[in-house]
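See structure below.
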Protein chains: 2
Amino acid sequence: MTNELTKLIQASEMLKAIAHPIRLAIVQLLENDKRMSVTAIHEALNIEQAVASHHLSILKNKGVLSVDREGKHCFYFLKHQRLAEIVVCVNKCQE
Amino acid sequence: MTNELTKLIQASEMLKAIAHPIRLAIVQLLENDKRMSVTAIHEALNIEQAVASHHLSILKNKGVLSVDREGKHCFYFLKHQRLAEIVVCVNKCQE
DNA sequence: TATAAATATCTATATATATTGATATGACTA
DNA sequence: TAGTCATATCAATATATATAGATATTTATA
């Protein structure tokens, strides 16, 4: 497999991770260096805890988010702040 | 359904359209206001004609590309030039 | 160590997307 | 109008992702 193809696949995996309504909302929530716990996110978005946790783990596994545990809480944040730009950009392109 | 949710769904549909290796390659190919026919695209990417046509129609249906027919040729181009930024951005975030 | 709070995982079903090869449609041109 | 070039669609199978509910794991604290 060519290097170029590998890059395309990796980039599309990351985009695919973001390309879901709940996960897009999570990325939006974490703009501007915000750090939020699973509980804070599930309450902010009004979704089940298990649902939030599930989507957060997808975003983490695909390199979109990172996590720091502090006691009982897990604080998630954008691994690359730049990724928030994608959300802004795609929102601007909705005619 | 709330207006906010509708926006999230639309934005994620558009991102989902781009989140595929071949379709990402197509968007990259069409940066800088380029216009390319189906044949030119399938040759440039070294994929079957039917495959190119299929992915182009997905991108068109999800609002990523537009098309102009000129005789036998269909020229595809980015509907919003801004969308190329997404590709640049996600590429920069591959560590 | 028993309990509670926070988070993650599992199971099952439903739904969507990808892939491939074959074929159909549309539009010029000899 | 028959042929051919360009593009689109179809059909079938495989693979992946989503959704929801139940339950397990981890950590702190009484």
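Throughout, protein chains are lettered first and strands after them, A, B, ... in sequence-line order, and every chain is numbered starting at 1.
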The single option from B/Val88, B/Val87, B/Leu83 that satisfies side chain to side chain contact (heavy atoms under 4.5 Å, CB included) with B/Glu31 is B/Val88
Would you say B/Ser53 reaches D/dT7's phosphate, i.e. side-chain N/O to OP1/OP2 under 4.0 Å?
-> no
Taking NZ from B/Lys72 and C1' from C/dA30, how many angstroms apart are they, rounded to a whole number?
-> 11 Å
In whole Å, what is the span from the CZ atom of B/Phe75 to the C1' atom of D/dA8?
-> 17 Å
A/Glu48 atom CD: more than 12 heavy-atom contacts under 6.0 Å = no
If a pair satisfies salt bridge (charged side-chain N to carboxylate O under 4.0 Å, His left out) and one of its residues is in residues 9-19 of chain B, list it, with sequence neighbours excluded.
-> B/Glu13-B/Lys16, B/Glu13-B/Lys62
Whole Å only: how far is the NZ atom of B/Lys60 from the C1' atom of D/dT7?
-> 11 Å
Check the interface with nucleotides 18-20 of chain C: list each N/O to N/O pair with the protein under 3.5 Å, or write none.
residue: C/dA18; atom: OP1; partner: B/Arg23; partner atom: NH2; Å: 3.2
residue: C/dA18; atom: OP2; partner: B/Arg23; partner atom: NH1; Å: 3.4
residue: C/dT19; atom: OP2; partner: B/His20; partner atom: NE2; Å: 3.1

How close or far is atom C1' of C/dA27 from atom CZ of B/Arg69, stated in whole angstroms?
-> 7 Å
Compare side-chain N and O positions of B/Tyr76 against OP1 and OP2 of D/dA6 and report whether any pair is under 4.0 Å apart.
-> no
When only distance counts, do a donor and an acceptor, one from the side chain of A/Gln49 and one from the base of C/dA6, lie under 3.5 Å apart?
-> no
Please state how far atom CG in A/Leu56 lies from atom C1' in D/dA18, giving the value in whole angstrom units.
-> 16 Å
Which heavy atom of A/Ile58 sits nearest a heavy atom of A/Ala17, and at what distance?
-> CG2-CB, 4.4 Å
Any B/Asp68 side-chain heavy atom under 4.5 Å of B/Phe77 side chain = yes
In whole angstroms, how far is the P atom of D/dT19 from the CD1 atom of A/Ile47?
-> 11 Å
By nearest nucleotide on DNA chain C, pick out whichever of B/Gly71 and B/Glu13 is the more 5' one.
-> B/Glu13
Whole-Å gap separating P (C/dT7) and NE2 (A/His42) = 9 Å
Work out how much the helix from C/dT1-D/dA30 to C/dA30-D/dT1 bends between its end axes, five pairs an end, to the nearest 10 degrees.
-> 10°
In whole Å, what is the span from the CG atom of B/Asn61 to the P atom of C/dA16?
-> 16 Å
Quick one: closest heavy-atom pair of A/Cys93 and B/His80, and the distance?
-> O-NE2, 3.0 Å
Ignoring backbone atoms, establish whether B/Thr39 has a side-chain N or O less than 4.0 Å from OP1 or OP2 of D/dC5.
-> no
For B/Ala84 against B/Val27, the heavy-atom pair lying closest together = CA-CG1, 4.3 Å
Look at the side chain of A/Gln81 and the backbone N and O of A/Asp33, then say whether any donor-acceptor pair between them is shorter than 3.5 Å.
-> yes
Under the side-chain contact (heavy atoms from CB on, under 4.5 Å) rule, what do B/Leu29 and B/Lys34 come out as? Steps first, then yes or no, please.
-> CA-CA 8 Å; B/Leu29 217 48; B/Lys34 291 206 190 66; over 6 Å; no
Within the structure shown, what part of the strands sits under 4.0 Å from A/Ser57 by heavy-atom distance: base, sugar-phosphate, or nothing?
-> nothing
